[in-house]
Asks: 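Take this structure, written in structure tokens, and hold onto it; I'll ask about it next.
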Amino acid sequence: MSIYDDIKTNHSYIRYKYDVENITTNSLTLAYSYSSSNEGAITFPLIGFRSPSTQQILNNLPQWMQIRQDVTSNGWKLTNSWGMSLENVLNNVVKNITNTALVTTDITYPSNIGYVDVSSKDLLDTKLYRNLLFNSGFAIRDVSRTRLPAGWESYNIYNQDIYIDYLAASPATAALTSSTGQLKIGQSIILNNVLINNLTNSLYVKTNAGTVDILLHISIEMMDGTNRVAYLRHTSAAIEWVRIKVPIAVNKQVYRINYTVISNCSDRVSIAAPQVELEGISNWSNSSNDVLPYVSGLSRFTSISVIPEDSSIPKIPLFSVGTQEEFIDIGIPTRIQKARVIAKDLAPFATQAYGRKVHQLAEVIQTEWSIVEEQVVERSISPTIWDIYGRYDIRDLRYYEDLSYGTKDDTKVTITPIATAIRKDYLFIACKEEYLGRTLRTIKIVKPLSTPNGETYLESIIDFDLGLDFTNIIDDTQITDEEITSIGFSEVDPSWLVVNTSANIRHYYKMYFDYYYFNSNNNRVYTLEKYTNAKISVI
Amino acid sequence: MFKIYKSLYNPSNLTGQVGGNISSSELSGYLGELFYHVSAPPSGLDDVFNQYRKVFFKNTYDRTATEVRVWIDAAEHLDQLSIANSTGLSDTLITATGTSELTGWRSPTTYTDGVILGTLPVNAYTGVWIRQSLSGISSPDPYSTFRIYVGGIV
């Protein structure tokens, strides 16, 4: 017997229903802007220089005339417009004369060059530059201290673990990797006034992190001032590259597109081949602007890179040069690598004197570019010694916001020049650079010319991190205040740079010129360097 | 639909009072319409540069809207933005960068988490303050966007 046996039950059915009340929404995209108080306004690259030939021309005028006495007078500036051309002619004449004698000939020219033939019809067809983003292959470097590709802004520069990854077998030339999985970078492209119907934005990502959170964010500013925004959040891990896409129907005249990638992954993440293209999605392509800012011409191919047979050796991107003359004559390296072993005797090393100054009293003075009181100076070496004619700081030529190219006064970085050497019309300056708590020793390359309007800075075209860290004590023999004392180039092989330090240590660096020139008459890609145990990939 | 209006005082600089009652101008969202371009404090400093603006949400449907909420979506820099209910239809700040006595600043990104405006009868409106906080800025951003969302049961 159970205690529940006495319970009697009955029931009745109760019916009910429910509906879904949808939320009705409206939205508006708002735009704002801000600048940074530790950066000045952008100054566009300097054009021209104060030519010594100009003064020589004007020294034919009476001595009392202001045009002869004053380099800031309008007459002097007008004359300088053809004085600069005359100076270039003079330089070429001097070069040609010095090249007629074996002892004085310029040995920086390559004695032989490499080449590969391009036979693929697809590659030789008329190229379409579908990508609107600049430097989407990440091959063009920004200044060394940022470790970023040029034209890409990091919105959190204190996150210092982002770097261009040449080892990742990426869909583009190189990848951008964050070892902690945190990055926030973007690029803004000004189109001015372009009718866009459909826009497709894409990005390759690779991460196998436990937590994946990658946001691809696109905002578009129309010519009528209104904005459109779209985004995609990627949250799945994969050991291979995954392409994420954000299509947007625009159907308006567009002024500007902003492309931003935000990663908050818990571990290593790589991104590559960002692309913004009209209409539907296609294979990764480059932009027509994807050339080094200091060379001419278009990039004929999407990407050319050297892929070593040993996968532990980084890929080497090659950079297009538009003309044969520029290709053979180019004096700016693309890589400077420390070398442990010297294959041959490279001594002696030279820094060479360079330049001249013409006085209004017709005196011609030989000058050199040196370092005095932590500034680059142009000073006399003959007939009088060390009269200083100009003092200069150094500013880096870079791509800033909206891909504006120029220089800025930036209080986040302190650049202290230490030593100089001349090679092939360029001044190589060893610098101590302090940036966000880090100290780097870099080589910056500038044109040693008097600035056109008395500017007090020289523009660094490109720089290279020497990888010298004097803060760590190696052993008891290292002095605590070790610093670079001088730099020079081998007179036997001028592709070797030597850096001497106050600890009496000599560091050797090999300079590489990873450029290519495409000759459309024979469909041949010429390279200045010879790459052994490697393949050249053309896409 | 829900329409978004500027407040009566929405100066195109950092001086003069901000907020007040609803204006007759709808917000269109163009660059600099709401927040004035500023030079932000350098990175590494604790200084935070706050700028406040007030916008109104008006129910122009022909029915009462209930459970109306506001949230932020698609923000490029979500850490720079937060919103809060106004204390009254006509509340103001002396300047755009003045100290706000408002509390409850949040950065909701969903309807569920949104700032609650409650019930809005036909043609009723209410104000919401938007705060831009710039801190640790290391590089400029000439064009940054976010979407302000309003939703409710209509």
Side-chain angles (χ1 to χ4, degrees), chain A residues 20-42 146 153-159 184 186 188-190 215 217-222 224-231 233 255-260 262 400-404 408 410-412 436-437, chain B residues 1-4 26-45 47 49 51 53 55 57 60-61 65-69 71-78 80-81 111 130 132 134 136-154:
Chain A
V20 176
E21 278 194 311
N22 289 321
I23 303 297
T24 305
T25 62
N26 291 110
S27 67
L28 178 70
T29 304
L30 300 160
Y32 64 93
S33 63
Y34 54 84
S35 52
S36 171
S37 55
N38 48 18
E39 283 185 9
I42 191 159
T146 67
E153 190 82 49
S154 173
Y155 294 108
N156 181 9
I157 58 169
Y158 284 89
N159 180 8
K184 186 173 184 180
S188 201
I189 328 152
I190 292 188
L215 186 77
H217 182 282
I218 312 296
S219 43
I220 304 168
E221 186 179 12
M222 315 297 176
D224 63 8
T226 58
N227 309 283
R228 193 157 301 166
V229 63
Y231 64 91
R233 192 176 291 277
Y255 174 70
R256 170 166 37 195
I257 299 171
N258 200 43
Y259 183 102
T260 308
I262 304 166
Y400 288 96
E401 63 273 14
D402 290 335
L403 293 178
S404 305
K408 274 188 180 183
D410 187 351
T411 58
K412 296 190 296 291
L436 304 179
Chain B
M1 65 185 299
F2 295 109
K3 288 188 175 177
I4 306 173
E26 276 190 59
L27 202 59
S28 65
Y30 63 82
L31 186 63
E33 184 184 25
L34 200 63
F35 290 114
Y36 181 67
H37 179 99
V38 294
S39 190
S43 293
L45 296 183
D47 297 356
F49 187 95
Q51 188 177 169
R53 298 287 166 165
V55 295
F57 297 90
T60 63
Y61 290 101
T66 59
E67 297 288 340
V68 180
R69 297 179 188 190
W71 68 100
I72 298 167
D73 179 60
E76 194 180 330
H77 308 296
L78 184 62
Q80 295 173 0
L81 298 161
Y111 172 81
I130 307 178
Q132 178 203 53
L134 300 175
I137 299 300
S138 54
S139 50
D141 191 342
Y143 178 61
S144 181
T145 55
F146 67 99
R147 202 153 47 189
I148 189 89
Y149 251 97
V150 55
I153 299 167
V154 182

Asks: For the side chain of B/Thr60 and the backbone of B/Met1, is there at least one donor-acceptor N/O pair under 3.5 Å apart?
Replies: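 Flag set: sc B/Thr60 to bb B/Met1 pair under 3.5 Å.
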
Asks: Give, as side chain, backbone, both or neither, the part of A/Thr260 having an atom under 4.5 angstrom from any heavy atom of chain B.
Replies: side chain

Asks: What part of B/Ile153 is in contact with chain A, defined as an atom under 4.5 angstrom from a non-hydrogen atom: side chain, backbone, both or neither?
Replies: both

Asks: Side chains of A/Ser404 and A/Asp402 only: does a donor on one sit below 3.5 Å from an acceptor on the other?
Replies: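 No donor-acceptor contact under 3.5 Å links the two side chains.
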
Asks: With a 4.5 angstrom heavy-atom cut-off, is it the side chain or the backbone of A/Leu28 that approaches chain B, or both, or neither?
Replies: both

Asks: Need one label for B/Ala75: side chain, backbone, both or neither, based on atoms under 4.5 Å from any heavy atom in chain A.
Replies: backbone

Asks: Considering only heavy atoms, which portion of B/Ile148 lies under 4.5 Å from any heavy atom of chain A: side chain, backbone, both, or neither?
Replies: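 For B/Ile148, backbone and side chain are both near chain A.
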
Asks: Most heavy-atom pairs under 4.5 angstrom with chain A, which of B/Ser28, B/Ser39, B/Gly32, B/Gly151?
Replies: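 Of the options given, most contacts go to B/Ser39.
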
Asks: If you count heavy-atom pairs within less than 4.5 Å of chain B, which of A/Gly186, A/Ser27, A/Gly225, A/Ala230 leads?
Replies: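 Winner by heavy-atom pair count: A/Ser27.
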
Asks: Is there a donor-acceptor contact under 3.5 Å linking the side chains of A/Tyr32 and B/Gln80?
Replies: yes

Asks: Do B/Phe57 and B/Ile4 have side chains that get closer than 4.5 Å, going by heavy atoms?
Replies: yes

Asks: Regarding B/Tyr143 and A/Asn227, is there a side-chain donor-to-acceptor distance under 3.5 Å anywhere?
Replies: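 Short answer, yes.
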
Asks: Out of A/Ile262, A/Asp224, A/Asn258, which one racks up the most heavy-atom pairs below 4.5 Å with chain B?
Replies: A/Asn258

Asks: Between B/Leu134, B/Leu34, B/Ile130, which shows the greatest number of heavy-atom pairs under 4.5 Å with chain A?
Replies: B/Leu134

Asks: So for B/Gln132, is it side chain, backbone, both, or neither that comes closer than 4.5 Å to the heavy atoms of chain A?
Replies: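 For B/Gln132, side-chain heavy atoms alone lie under 4.5 Å from chain A.
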
Asks: Quick one: which of B/Phe2, B/Tyr30, B/Phe35, B/Phe146 has the most heavy-atom pairs under 4.5 Å with chain A, could you say?
Replies: B/Phe146

Asks: Work out which heavy atom in B/Ser139 is nearest to a heavy atom in A/Tyr34; give both atom names and the distance.
Replies: O-CE1, 3.8 Å

Asks: When you measure from the side chain of A/Asp410 to the backbone of A/Lys412, do you find a donor-acceptor pair of N or O atoms at a distance under 3.5 Å?
Replies: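 A pair under 3.5 Å: yes.
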
Asks: Looking only at atom types and distance, does a side-chain atom of A/Glu39 sit under 3.5 Å from a main-chain N or O of A/Lys408, one as donor and one as acceptor?
Replies: no

Asks: Checking heavy atoms, do the side chain of B/Tyr149, its backbone, both or neither come under 4.5 Å from chain A?
Replies: both

Asks: Using non-hydrogen atoms only, which part of A/Ile42 is less than 4.5 Å away from chain B: side chain, backbone, both, or neither?
Replies: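 Neither the backbone nor the side chain of A/Ile42 comes within 4.5 Å of chain B.
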
Asks: Taking all heavy atoms of A/Ser188 and all of A/Leu403, pick out the closest pair and write down the distance.
Replies: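 Looks like O-CG, 3.8 Å.
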
Asks: Chain A heavy atoms under 4.5 Å from B/Leu31: which part of the residue, side chain, backbone, both or neither?
Replies: both

Asks: Given 3.5 Å as the limit, does a donor-acceptor pair link the side chain of B/Ser144 with the main chain of A/Ser33, or not?
Replies: no

Asks: Which atoms of A/Glu153 are under 4.5 Å from chain B, going by heavy atoms: the side chain, the backbone, both sets, or neither?
Replies: side chain

Asks: Is it the side chain or the backbone of B/Leu81 that comes within 4.5 Å of chain A heavy atoms, both, or neither?
Replies: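 Only the side chain of B/Leu81 comes within 4.5 Å of chain A.
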
